[in-house]
Every structure is written in structure tokens, then in C-alpha cells.
Participant: 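Supplied in C-alpha cells, the structure appears directly below.
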Amino acid sequence: QRDVPDFAELAEVLHDHFALHAMGDGRVAWAPILLVGPAGIGKTEAARWLAARLNLPFRVIDMASTQSSAPLAGSESFWSNSEPGVVFELLAYQPLANPVIVLDELDKSDQQRQYDPLAALYTLLEPRSARDFIDLSIRDFAIDASHVNWVATANNIEGIPAPLLSRMTVLHVQTPTPGQVAHIAQQIYGRMRAESPWGLAFAPRLDEQVVEELKGLAPRSLGLALKRALGRAAREERDHIRVSDLPDMSSPTRKPMGFMA
């Protein structure tokens, strides 16, 4: 709620799940979640942030470019390039049984293909069937995939089959307010300082005039704008960003092709 304020509803849902499991064995677990909202508001980044804070293995699958269910459930063993899917790899080679898997742009998957990219999800998102999950490349034994934490993202729910929607908690995320964008900008800047070898060379917080200028950007664009601005400040050996350092992040207009007289 503090670091990604536009995802407050997600925080509430997770709080409920964590409180419930705290009464049992204390595991980190939640029912599959679908984040629905406009492009560029940071849905995937919020899931990445969550996995990092919980110290869980994490993987993003771009469902828009996925041509079959092989990335999730492996490819059939009769193919020469057969290999296990992400679920098997995470559970077999990571130390924890509850990784976070993000299904990015779930609404853009091409379900008209011969091999439906969503086919494996009908098993994996249902805890009972996920307990006996079989990767298609290794059919000799089943693995328990019921503890995987799923987060899906989408711009809308129209392209998602109803049986899948019924397996997920659907949360509609709104475009952040200018005040929330300002807070997010400070958070991103703070992470850049903490995670970069050059971070301590810069001031602890962004100047308010810079923050005011950043309020009009989408969260996805904030990191790019700040990195460019930090580079420009470094070129002039300054320890702070000025408004003039910020690049123009407005959408470029397409110039017409042709000849000029």
C-alpha cells in the first residue's frame, strides 16, 4: 500500500490470504489473481516487486507471444526439441514449492491456434488437479503444483474464457492519480539509488519541481525518464536532477512518407 499505492486492493486481498495462512503453517500463498487495467500502469512490475519482497522464485510468461501451452506444461516427448515447461523447472530446480508465475497479457493469447496456449491453465489454476500435474516432456511421474502463486495481467477480460475467469480473483486497477504517480516516482528513484553502484552519488530524494514534471507520465515511463535524467546530471557532475534533465516522453508523431517538392 505504501510503495505501490494504486494497487491497494491487491494489498488487501493478499493481506486476507496471509492472515488466514498465519493461523496455519504460515506459508505464503494466495488464490490466482488477475490484474485488469490500462497498459503502462505497472501491473507486471507490481507482481515483480511482490515476488522480490517475499523472496520467492519468479518468472514472467508473455502470453501474447506464446504459441502453445509448452512454455507452461512442456512439449511432447516425441518432438526432437522437447523440454520441460516453466512450472516443472521452477519446482524441480528451485528450493521453494510456492514460486510466483506471472501470466502477462493473458487477454492477448491466440486461442485460435492448433495448440491452445491456455490449455494447461485449466489444470494448473485448479488446486485439486494441480496436485497431480504432469509435464508433457516427462510423463513418468506427477508433481504437486498446487502451491504455485499465480498473477495474471490483462487490459480487459473480454478475450479471456469464462472458465478461466472463474478460477481467478479479478481486480480492476485504475490509472494512478497524479499524487500516486509522484509517490511512485520517488520510490523508483530510491530503488535506483539503492541498487546501483553510483546510487550514493545522488541526492536522497527528487526535487519537488522534478516530481511535479513527472506526474504526467505513466508508471512504465518513469524509470526510463529517471535513468536518462540521471545520466544527464552525471555528465555535468551534479548530484541532483533538474527539470531540464528530463527527456521528452510524449508520444512521437509519425512523419508521413513521401517526397517534398
Participant: Within the structure provided, determine whether P176 and P5 are in side-chain contact (heavy-atom separation under 4.5 Å).
Facilitator: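 No; the side chains remain at least 4.5 Å from each other.
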Participant: What pairs of donor and acceptor atoms, side-chain ones from residues 44-59 against any protein atom, are under 3.5 angstrom apart with sequence neighbours left out?
Facilitator:
residue, atom, partner, partner atom, Å
T44, OG1, D104, OD1, 2.7
R53, NH2, D3, OD2, 3.1

Participant: Which atom names give the shortest non-hydrogen contact between L106 and A152, and what distance separates them?
Facilitator: CD2-CB, 3.9 Å
Participant: Under the side chain to side chain contact (heavy atoms under 4.5 Å, CB included) criterion, do L35 and V170 qualify, and how do the steps go?
Facilitator: CA-CA 6 Å; L35 301 176; V170 181; over 6 Å; no
Participant: Roughly how far, to the nearest 0.5 Å, is CG of D132 from CG of D144?
Facilitator: 7.5 Å
Participant: Consider only side-chain N and O atoms of Q94 and E89, and report whether a donor and an acceptor are under 3.5 Å apart.
Facilitator: no
Participant: Which pair of non-hydrogen atoms, one from Q1 and one from A11, has the smallest distance, and what is that distance?
Facilitator: CG-CB, 3.5 Å
Participant: Would you name the heavy atoms of A233 and F202 that are closest together and state the gap between them?
Facilitator: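 Taking A233 first and F202 second, the nearest heavy atoms are CB-CE2, 4.0 Å.
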Participant: Test your reading of the model: is there a side-chain donor-acceptor pair from W30 to the backbone of W150, 3.5 Å cut-off?
Facilitator: yes
Participant: List the residues meeting ring pair (Phe, Tyr, Trp, His ring centres under 6.0 Å) with F133, not counting sequence neighbours, and say none if there are none.
Facilitator: none
Participant: Is any side-chain N of the basic residue among R238 and E236 closer than 4.0 Å to the acidic one's carboxylate O?
Facilitator: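 Yes, R238 and E236 are salt-bridged.
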Participant: Same cluster for L136 and I134 if Ile/Leu/Val/Met/Phe/Trp/Tyr side chains link at under 4.5 Å?
Facilitator: no
Participant: Is there side-chain contact between L124 and V87, with at least one heavy-atom pair below 4.5 Å?
Facilitator: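 They are in contact (side-chain heavy atoms under 4.5 Å apart), so the answer is yes.
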Participant: Between V173 and V36, is any pair of side-chain heavy atoms under 4.5 Å apart?
Facilitator: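 Contact flag for V173/V36 side chains = no.
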Participant: When you measure from the side chain of T153 to the backbone of E105, do you find a donor-acceptor pair of N or O atoms at a distance under 3.5 Å?
Facilitator: yes
Participant: Considering non-hydrogen atoms only, spot the tightest contact between I241 and A229 and give its length.
Facilitator: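 Nearest pair, atom of I241 first, then A229: CG2-CB, 3.6 Å.
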Participant: Quick check: closest heavy atoms across A185 and L226, and the distance to 0.1 Å?
Facilitator: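 It is O-CD1, 3.8 Å.
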Participant: Quick one: does N149's side chain get under 4.5 Å of P99's, heavy atoms only?
Facilitator: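 Contact flag for N149/P99 side chains = no.
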Participant: Applying the 4.5 Å side-chain criterion to the ILVMFWY set and letting contacts propagate, would I188 and L224 be lumped into a single cluster?
Facilitator: yes
Participant: Which value, rounded to the nearest 0.5 Å, describes the distance between D116 atom CG and S68 atom OG?
Facilitator: 9.5 Å
Participant: When rounded to the nearest 0.5 angstrom, what is the spacing between NE2 in H183 and CZ in R2?
Facilitator: 7.0 Å
Participant: Less than 4.5 Å apart, any side-chain heavy atom of I143 and any of D135?
Facilitator: no
Participant: Under a 4.0 Å N-O cut-off, is there an ion pair linking R228 with D245?
Facilitator: no
Participant: If two hydrophobic side chains count as joined below 4.5 Å and joins carry through other members, does Y122 share a cluster with L165?
Facilitator: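 Yes, same cluster.
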Participant: Rounded to the nearest 0.5 Å, what separation is found between the CG atom of L217 and the CD1 atom of I184?
Facilitator: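 Reported value, rounded in 0.5 Å steps: 11.5 Å.
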Participant: Are V28 and H21 close enough, and set up right, to give a side chain to side chain contact (heavy atoms under 4.5 Å, CB included), and what steps lead you there?
Facilitator: CA-CA 7 Å; V28 175; H21 286 289; over 6 Å; no
Participant: Please tell me if the side chains of L118 and M63 come closer than 4.5 Å, counting only heavy atoms from C-beta onward.
Facilitator: yes
Participant: Within a 6.0 Å radius of atom NE2 on H15, are there more than 12 heavy atoms belonging to other residues, nucleotides or ligands?
Facilitator: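 Not more than 12 within 6.0 Å, no.
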Participant: To the nearest 0.5 Å, how far apart are CG in L222 and CE in M192?
Facilitator: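 So the CG of L222 and the CE of M192 are separated by 9.0 Å.
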Participant: Could you check D62 against L103 for side chain to side chain contact (heavy atoms under 4.5 Å, CB included), going step by step and ending with a plain yes or no?
Facilitator: CA-CA 6 Å; D62 180 9; L103 307 169; over 6 Å; no
Participant: Heavy atoms only: give me the nearest Y189-A203 pair and the separation to one decimal.
Facilitator: OH-O, 2.6 Å
Participant: If you group Ile, Leu, Val, Met, Phe, Trp and Tyr by side-chain heavy-atom gaps below 4.5 Å, do I101 and L125 land in one group?
Facilitator: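 In one cluster with I101: L125, yes.
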Participant: Among D107, L34, L164, which residue satisfies the side chain to side chain contact (heavy atoms under 4.5 Å, CB included) criterion with I157?
Facilitator: L34
Participant: Could you check if a side-chain atom of V151 sits within less than 4.5 angstrom of a side-chain atom of L10, using non-hydrogen atoms only?
Facilitator: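 No. Closest side-chain heavy atoms not under 4.5 Å.
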Participant: Under the 3.5 angstrom rule, does the side chain of Q180 hit a backbone N or O of T177 as a donor-acceptor pair?
Facilitator: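 Answer holds: yes.
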Participant: Would you list the atom pairs, donor with acceptor, under 3.5 Å between side chains in residues 206-216 and any protein atom, with sequence neighbours excluded?
Facilitator:
residue, atom, partner, partner atom, Å
D207, OD2, Q209, N, 2.9
E212, OE1, K215, NZ, 3.2

Participant: Under 4.5 Å between side-chain heavy atoms, counting indirect links through other Ile/Leu/Val/Met/Phe/Trp/Tyr residues: same cluster for V181 and I41 or not?
Facilitator: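 No, no single cluster joins them.
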Participant: Under the 3.5 angstrom rule, does the side chain of K43 hit a backbone N or O of P38 as a donor-acceptor pair?
Facilitator: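 Yes, the answer is positive, given that a donor and an acceptor are paired below the 3.5 Å cut-off.
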Participant: Could you check whether any side-chain N or O of S196 sits under 3.5 Å from a backbone N or O of R193, counting only pairs where one atom can act as donor and the other as acceptor?
Facilitator: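 No, because the side chain of S196 does not come within donor-acceptor range (under 3.5 Å) of the backbone of R193.
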Participant: Backbone N or O of P127 within a donor-acceptor pair of the S146 side chain at under 3.5 Å?
Facilitator: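 No, S146 side chain to P127 backbone: no donor-acceptor pair under 3.5 Å.
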Participant: First locate atom CG of N98, then atom CG of L91, and finally report the distance between them rounded to the nearest 0.5 Å.
Facilitator: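 These two atoms lie 9.5 Å from each other.
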Participant: Apply side chain to side chain contact (heavy atoms under 4.5 Å, CB included) to residues Y93 and L90 and explain how you reach the verdict.
Facilitator: CA-CA 6 Å; Y93 304 125; L90 284 173; over 6 Å; no
